[in-house]
Amino acid sequence: PTSRGQCFPQSATNQVFLDFPSLPFAMGINLGDVFPDFEADTTQGKISFHTFLGDSWGILFSHPADFTPVCTTELGAVNKLAPEFAKRNVKPIALSCDPVESHKAWITDITAYSEQSEEWFYPIIADEKRELAVKFGMLDPDEKDKAGMPLTARCVFIIGPDKKLKLSLLYPASTGRNFDEIIRVIDSLQLTAYKKVATPVNWKDGGECMVLPSVKPEEARTLFPQHRVVSVPSGKSYLRITPQPE
């Protein structure tokens with residue numbers, strides 16, 4: 001994530017407006033902000049984003065363009081992971097700067113390449129005018145289409161049921177995302193949203209967790225009766241490890 005919790009650094013986004021002054025101005029979205037509602041045409045019809053999410057978690061992820069190699073592998077992976085997202089009450093939705101009919105034709109290639117049935121589980125937003133890409137700071141000034149217009153970077157936004165931004169990630173066009181890692185992050189976000197723990201380095205679902213520093217010792221004994229305090233040279237009792245709470 002960027003230091004401000006935004007997908008794309010504001011300085012880079014501002015450069016887009018210098019190069020393409022006709023584009024609308026971008027808004028900064030920080031972690032903890034309510035993710036703005038919007039309407040868009042998708043492969044599953046017109047949607048209102050907040051209505052689409054309902055009481056679910058959401059993952060909005062952008063792509064440079066249709067019929068591109070890395071994006072083809074990514075969208076196929078997400079479609080295969082549809083049962084895992086559903087199990088976690090997460091709704092995926094993709095965005096690309098091409099029209100709906102192009103998306104639909106591309107899906108045929110994606111399912112063929114990834115050796116899946118033609119069943120497609122999530123919508124792809126058509127953002128031909130780049131209105132959403134600009135609004136959410138997704139544009140990469142160094143990546144342009146044949147017409148010289150900037151393309152979107154590989155942004156990831158994870159939004160909670162409260163419609164607030166929980167996490168943002170940014171990958172360059174040359175690097176495909178690791179959706180196993182994104183599933184791991186969702187597991188951590190959902191656990192820590194409801195339990196007074198944090199997840200340590202390389203944590204996976206079912207692994208040991210850290211008791212939050214804000215939890216007082218007497219409360220920790222009640223909430224996490226199996227927790228242990230790790231002795232360190234400083235003598236401070238801040239490393240408190242507990243089995244993952246149910």
Side-chain angles (χ1 to χ4, degrees), residues 1-13 27-37 49-50 53-62 81 84-92 136-138 153-172 175 177-246:
T2 65
S3 59
R4 297 184 59 206
Q6 296 173 13
C7 188
F8 213 79
Q10 195 63 45
S11 59
T13 303
M27 62 188 302
I29 307 172
N30 296 320
L31 295 179
D33 287 352
V34 172
F35 200 90
D37 196 12
F49 186 56
H50 284 189
L53 290 178
D55 61 357
S56 300
W57 290 69
I59 172 171
L60 169 61
F61 57 109
S62 61
L81 286 169
E84 294 298 320
F85 286 116
K87 185 167 68 177
R88 293 164 173 79
N89 192 31
V90 176
K91 291 183 177 179
F136 301 136
M138 295 175 169
R154 301 187 192 282
C155 290
V156 178
F157 295 114
I158 297 178
I159 299 107
D162 56 4
K163 309 299 184 292
K164 292 182 179 179
L165 180 64
K166 305 301 182 183
L167 177 140
S168 65
L169 293 168
L170 174 65
Y171 292 69
T175 302
R177 284 160 282 206
N178 185 331
F179 279 93
D180 290 332
E181 164 64 5
I182 290 171
I183 289 282
R184 188 193 76 88
V185 167
I186 290 169
D187 286 340
S188 174
L189 290 171
Q190 293 185 338
L191 174 66
T192 59
Y194 305 110
K195 303 295 182 180
K196 294 183 178 181
V197 294
T199 55
V201 61
N202 297 331
W203 173 89
K204 292 182 179 179
D205 187 33
E208 290 185 320
C209 301
M210 316 299 289
V211 179
L212 291 179
S214 59
V215 177
K216 296 184 182 300
E218 55 271 21
E219 185 183 11
R221 285 191 289 270
T222 301
L223 291 177
F224 312 109
Q226 294 180 279
H227 87 278
R228 67 185 189 276
V229 180
V230 179
S231 296
V232 289
S234 68
K236 299 181 184 295
S237 302
Y238 62 92
L239 285 171
R240 297 179 294 176
I241 299 175
T242 183
Q244 179 173 316
E246 298 293 331

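Here the structure is a predicted model, which means the values were calculated and not measured.
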Trainee: What residues, two or more places apart in sequence or in another chain, satisfy side chain to side chain contact (heavy atoms under 4.5 Å, CB included) together with Arg88?
Mentor: Glu84, Val90, Ile183, Ile186, Asp187, Gln190
Trainee: State, to 0.1 Å, how close Leu31 and Ser168 come at their nearest heavy-atom pair, and which atoms those are.
Mentor: CD2-N, 4.0 Å
Trainee: For Pro36 versus Ile29, what's the shortest heavy-atom pair and its separation?
Mentor: CD-CD1, 3.9 Å
Trainee: Give a yes or no answer on whether the side chain of Lys195 reaches the backbone of Glu246 with a donor-acceptor pair at less than 3.5 Å.
Mentor: yes
Trainee: Identify each donor-acceptor pair in which a side-chain atom of residues 198-207 lies under 3.5 Å from a protein atom, sequence neighbours left out, and give them as a table.
Mentor:
residue, atom, partner, partner atom, Å
Thr199, OG1, Ser188, OG, 2.7
Trp203, NE1, Gly207, O, 3.3
Asp205, OD1, Gln244, NE2, 2.9

Trainee: Got a sec, which residues hit ring pair (Phe, Tyr, Trp, His ring centres under 6.0 Å) with Phe35, two or more places apart in sequence or on another chain?
Mentor: Phe49, Phe136, Phe157
Trainee: Taking only residues two or more places apart in sequence, or in another chain, which ones meet Ser231 in a side chain to side chain contact (heavy atoms under 4.5 Å, CB included)?
Mentor: none
Trainee: Can you give me every donor-acceptor pair (side chain of residues 212-226, partner residue at least two apart or in another chain, under 3.5 Å) with its distance?
Mentor:
residue, atom, partner, partner atom, Å
Glu219, OE2, Lys196, NZ, 2.6
Thr222, OG1, Glu218, O, 3.3

Trainee: Would you check if the distance from the ring center of Phe61 to the ring center of Phe179 is below 6.0 Å?
Mentor: yes
Trainee: Which heavy-atom pair separates Thr175 from Arg154 by the least distance, and what is that distance?
Mentor: O-CD, 3.2 Å
Trainee: When you measure from the side chain of Asp37 to the backbone N and O of His50, does any donor-acceptor pair fall under 3.5 Å?
Mentor: yes
Trainee: Show the nearest heavy-atom pair for residues Asn30 and Leu165, with the distance to one decimal.
Mentor: O-CD2, 3.8 Å
Trainee: Who pairs with Asn89 by side-chain hydrogen bond (donor to acceptor under 3.5 Å, both in side chains), at least two apart in sequence or on another chain?
Mentor: Ser56
